[in-house]
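Structure, as structure tokens:
All values below were derived from every heavy atom in this structure, side-chain atoms included, with hydrogens, water molecules and symmetry-related copies excluded.
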Amino acid sequence: MTASIAHETVEVGTELPAQSFPVTRATLVQYAGASGDFNPIHWNEKFAREVGLPDVIAHGMFTMAEAIRVVTDWAGDPGAVVEYGVRFTKPVVVPNDATGALIEVSGKVAAVLDDNRVRVDLTATSGDKKVLGMARAVVRLA
């Protein structure tokens with residue numbers, strides 16, 4: 001695959017389509033199985049509260065992975081992402097109910113670079129709290 005967005009059609013300020021990602025306790029169990037991260041803060045409410053958390057929280061790497069989907073869906077190729085980094089600012093709290101939590105992600109082109117690359121800055125929130133800081137990806141476009 002190659003990116004489907006042409007570099008010359010993108011400018012600073014270009015907004016990527018925003019997306020929302022639901023997270024339930026079942027999602028966390030599935031991610032734990034896939035990643036091998038069975039830390040009880042991600043599935044055991046009693047333990048999470050005992051260590052000072054408000055409830056079970058989503059895995060940071062899961063949150064990070066959901067956020068980059070905005071970029072990969074826009075670019076049309078996950079392999080187009082050449083750099084990606086975030087700071088974890090707040091946890092995604094996942095209540096034990098039918099709704100769970102929602103991670104809402106938007107992105108904007110912050111810089112047009114050489115070699116057909118752009119830098120995309122992401123904003124990720126859950127429950128009106130910013131859950132990722134300095135979320136940036138460099139993407140090689142067509």
Side-chain angles (χ1 to χ4, degrees), residues 1-7 9-113 115-142:
M1 293 178 71
T2 59
S4 58
I5 304 290
H7 183 260
T9 65
V10 178
E11 57 189 35
V12 171
T14 299
E15 293 188 20
L16 283 60
Q19 294 187 51
S20 297
F21 304 100
V23 186
T24 64
R25 296 280 178 96
T27 309
L28 299 182
V29 171
Q30 292 168 335
Y31 182 81
S35 68
D37 182 352
F38 294 100
N39 187 322
I41 63 173
H42 303 303
W43 58 269
N44 184 318
E45 185 175 328
K46 181 178 180 291
F47 183 86
R49 290 184 189 277
E50 285 175 354
V51 298
L53 295 168
D55 206 334
V56 164
I57 62 170
H59 303 73
M61 296 304 285
F62 172 81
T63 304
M64 188 177 175
E66 291 291 73
I68 197 65
R69 288 175 56 188
V70 168
V71 176
T72 60
D73 288 354
W74 171 72
D77 178 9
V81 176
V82 295
E83 293 177 33
Y84 180 44
V86 306
R87 289 190 181 165
F88 301 105
T89 57
K90 298 280 185 197
V92 175
V93 178
V94 183
N96 191 17
D97 59 20
T99 306
L102 194 63
I103 301 170
E104 298 178 275
V105 184
S106 61
K108 186 182 290 190
V109 174
V112 175
L113 309 170
D115 197 24
N116 286 3
R117 297 172 307 138
V118 297
R119 190 188 88 213
V120 175
D121 291 354
L122 297 168
T123 301
T125 61
S126 183
D128 295 326
K129 293 181 181 174
K130 192 173 180 180
V131 296
L132 297 177
M134 300 293 291
R136 296 179 174 171
V138 175
V139 185
R140 181 166 287 115
L141 300 177

(request) Determine the minimum heavy-atom distance between F38 and A32, stating which atoms define it. (result) CZ-O, 3.4 Å
(request) For V131 and F88, run side chain to side chain contact (heavy atoms under 4.5 Å, CB included): C-alpha distance rounded to whole Å, both residues' side-chain angles, the deciding distance at 0.1 Å, then the answer. (result) CA-CA 6 Å; V131 296; F88 301 105; over 6 Å; no
(request) Give the minimum heavy-atom separation between D121 and A110, together with the two atoms involved. (result) OD2-CB, 3.3 Å
(message) Would you say that W74 contacts L141 through its side chain, given a criterion of any heavy-atom pair below 4.5 Å between the two side chains?
(response) yes
(request) Return yes if some donor-acceptor pair links the side-chain N/O of T24 with the main-chain N/O of T27 below 3.5 Å, else return no. (result) yes
(request) Applying side chain to side chain contact (heavy atoms under 4.5 Å, CB included), run through N96 and V56 and close with a yes or a no. (result) CA-CA 8 Å; N96 191 17; V56 164; over 6 Å; no
(request) Applying side chain to side chain contact (heavy atoms under 4.5 Å, CB included), run through E104 and T125 and close with a yes or a no. (result) CA-CA 5 Å; E104 298 178 275; T125 61; 3.8 Å; yes
(request) Would you give the length of the straight line joining atom CD1 of I103 to atom OG1 of T63, rounded to the nearest 0.5 angstrom? (result) 4.0 Å
(request) Please answer whether the main-chain N or O of V109 pairs with a side-chain N or O of T14 as donor and acceptor at a distance below 3.5 Å. (result) no
(message) Quick check: closest heavy atoms across A67 and V105, and the distance to 0.1 Å?
(response) O-CG1, 3.7 Å
(message) Please report the interatomic distance CD1(I41) to CG(L53), rounded to the nearest 0.5 Å.
(response) 5.5 Å
(message) Let me confirm one number: the NE2-CD1 distance from H59 to I57, rounded to the nearest 0.5 Å.
(response) 9.0 Å
(message) Quick check for you: to the nearest 0.5 Å, what is the distance between T72 atom OG1 and D77 atom CG?
(response) 9.0 Å
(request) Kindly give the heavy-atom pair with the smallest separation between S20 and L102, and that separation in Å. (result) CB-CD1, 3.9 Å
(message) I need the minimum non-hydrogen distance between A101 and P95, along with the two atoms involved.
(response) N-CD, 4.3 Å
(message) To the nearest 0.5 Å, what is the distance between NE2 on H42 and CG on D37?
(response) 4.5 Å
(message) Taking R117's backbone N and O only, do any of them form a donor-acceptor pair with D115's side chain (distance below 3.5 Å, no angle check)?
(response) no
(request) Using modelled atom types only, decide if a donor and an acceptor are shared between the side chain of Y31 and the backbone of A58 within a distance under 3.5 Å. (result) no
(message) Test side chain to side chain contact (heavy atoms under 4.5 Å, CB included) on D55 and E45; report intermediate values, then the result.
(response) CA-CA 6 Å; D55 206 334; E45 185 175 328; 3.3 Å; yes
(request) Would you give the length of the straight line joining atom NZ of K90 to atom CG of D128, rounded to the nearest 0.5 angstrom? (result) 13.0 Å
(request) Of all the heavy-atom pairs spanning T9 and A6, show the shortest one and how long it is. (result) OG1-O, 2.6 Å
